[in-house]
Amino acid sequence: MKLDAAYYLNDDVIWLAKDLIGKVLYSNINGNITAGIIVETEAYFGVADKASHAYCGRRTNRTETMYNLGGVAYVYLCYGMHNLFNVVSSASGEPHAILIRAIEPLIGLEIIEERRKMPFTKSAISSGPGSAAKALGIDRSFNAKSLTGNEIWIEDHNIKYPEEQIAVTPRVGIAYAQEHALLPLRFFVKGNKYVSKPNKI
DNA sequence: ATGATGATAATCT
DNA sequence: GATTATCATCATA
């Protein structure tokens with residue numbers, strides 16, 4: 001059920017970003033367990049990716065997390081108010097990561113509703129990376145935490161989407177990345193209401 | 001429905 | 001001091 005450490009050693013972030021669609025992301029905060037089905041991801045392919053914080057091998061306090069051995073969380077603050085959650089993959093020294101952009105609420109709905117102050121029937125409750133992280137209570141205190149521990153982890157519930165139901169589009173919000181801005185590295189479940197905009201092909 | 005805009009702070013230069 | 005892997009709100013249609 002729970003994905004083991006070996007899963008995260010994969011260095012094919014595109015395959016991983018796609019494979020993570022349909023997996024279930026859990027958080028356990030002081031015994032409050034919440035979880036959601038991952039329905040939208042983006043791949044960031046390390047030092048060669050102009051959209052990555054680790055482009056050209058940049059190592060700073062913030063990006064250091066991504067250089068860890070795969071299987072830890074990379075959480076950082078964006079636009080001064082949003083915590084964005086990423087899965088770090090690959091070998092130590094390879095700063096590959098997958099951004100989780102949206103989840104479909106599955107477990108602990110009351111807690112998620114309280115965190116987001118809206119009913120789970122509203123798609124905005126976990127649509128977009130900032131909202132999805134907030135729905136699960138993920139903030140920067142989760143940065144560099146192991147994904148195989150008991151605070152945050154990912155399970156395989158054998159949820160399968162047929163190939164034709166997975167959309168592939170350019171990534172969102174990275175216009176500065178020049179020729180890498182248009183690469184098809186964003187994956188989402190077609191028609192799922194929790195997918196952030198743009199959600200058409 | 002679609003598009004513009006302000007909020008707000010860590011991070012890096 | 002500029003930038004930012006965004007969101008909610010408000011306007012217009």
Side-chain angles (χ1 to χ4, degrees), chain A residues 13-14 16-18 20-21 25 36 38-68 70 72-90 94-105 112-145 147 167-188 191-201:
Chain A
V13 279
I14 296 171
L16 265 179
K18 200 166 167 183
L20 281 168
I21 300 278
L25 176 60
I38 297 170
V39 295
E40 180 179 354
T41 62
E42 279 179 6
Y44 286 85
F45 55 99
V47 299
D49 184 354
K50 288 194 177 181
S52 171
H53 295 154
Y55 175 57
C56 257
R58 293 178 74 229
R59 290 186 95 116
T60 65
N61 252 5
R62 179 172 68 159
T63 65
E64 197 57 34
T65 304
M66 281 197 283
Y67 290 87
N68 278 315
V72 299
Y74 171 47
V75 185
Y76 71 95
L77 192 70
C78 187
Y79 293 108
M81 60 188 103
H82 304 295
N83 293 295
L84 271 58
F85 168 76
N86 301 251
V87 173
V88 173
S89 83
S90 190
E94 282 288 332
H96 291 296
I98 296 109
L99 172 68
I100 304 303
R101 289 193 55 89
I103 60 158
E104 176 178 334
I112 291 175
E113 289 181 331
E114 168 59 23
R115 284 180 186 141
R116 296 284 293 131
K117 311 213 181 318
M118 62 176 86
F120 75 89
T121 48
K122 245 176 128 55
S123 62
I125 195 167
S126 56
S127 167
S131 303
K134 188 165 187 195
L136 294 178
I138 298 169
D139 61 18
R140 288 197 330 292
S141 69
F142 281 82
N143 187 42
K145 279 198 175 164
L147 296 174
V168 186
T169 70
R171 294 174 290 183
V172 177
I174 53 150
Y176 58 86
Q178 305 170 48
E179 73 269 24
H180 290 166
L182 295 177
L183 294 176
L185 298 178
R186 172 172 177 242
F187 301 86
F188 63 83
N192 188 287
K193 70 185 230 178
Y194 297 98
V195 170
S196 70
K197 289 187 175 179
N199 53 15
K200 303 271 189 283
I201 304 189

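Below, chains carry the letters A, B, ... as their sequence lines are ordered, and counting in each starts from 1. Not measured: the values here are computed from a predicted model.
Rounded to whole Å, atom P of dT11(B) lies 15 Å from atom CE of M81(A). As rounded to whole Å, 11 Å separates atom P of dA5(C) from atom CG of L77(A). Between the CZ atom of R140(A) and the C1' atom of dT8(B) there is a distance of 12 Å, given to the nearest Å.
The aromatic ring centres of H53(A) and Y76(A) sit less than 6.0 Å apart. H180(A) and F45(A) have their aromatic ring centers within a separation under 6.0 angstrom.
Between R58(A) and the phosphate of dT13(B), there is a side-chain N or O to OP1/OP2 separation shorter than 4.0 Å. The phosphate of dC12(B) (OP1 or OP2) has no side-chain N or O of R59(A) nearer than 4.0 angstrom. Distances shown here put every side-chain N or O of R186(A) at or beyond 4.0 Å from the OP1 or OP2 atom of dA5(C).
Figure legend: cation-pi geometry between R171(A) and Y44(A), with NZ or CZ positioned under 6.0 Å from the six-membered ring centre and within 45° of its axis.
Residues F142(A) and V75(A) have side chains in contact (heavy-atom distance under 4.5 Å, counting atoms from C-beta outward).
No donor-acceptor contact under 3.5 Å links the side chain of H82(A) to the base of dA5(C).
Taking for each of P129(A) and G80(A) the nucleotide of DNA chain C with the nearest heavy atom, the 5'-most of the two is the partner of G80(A).
Here dT11(B) is the nucleotide among dT11(B), dC7(C), dA5(C) with the atom lying nearest to any side-chain atom of T60(A).
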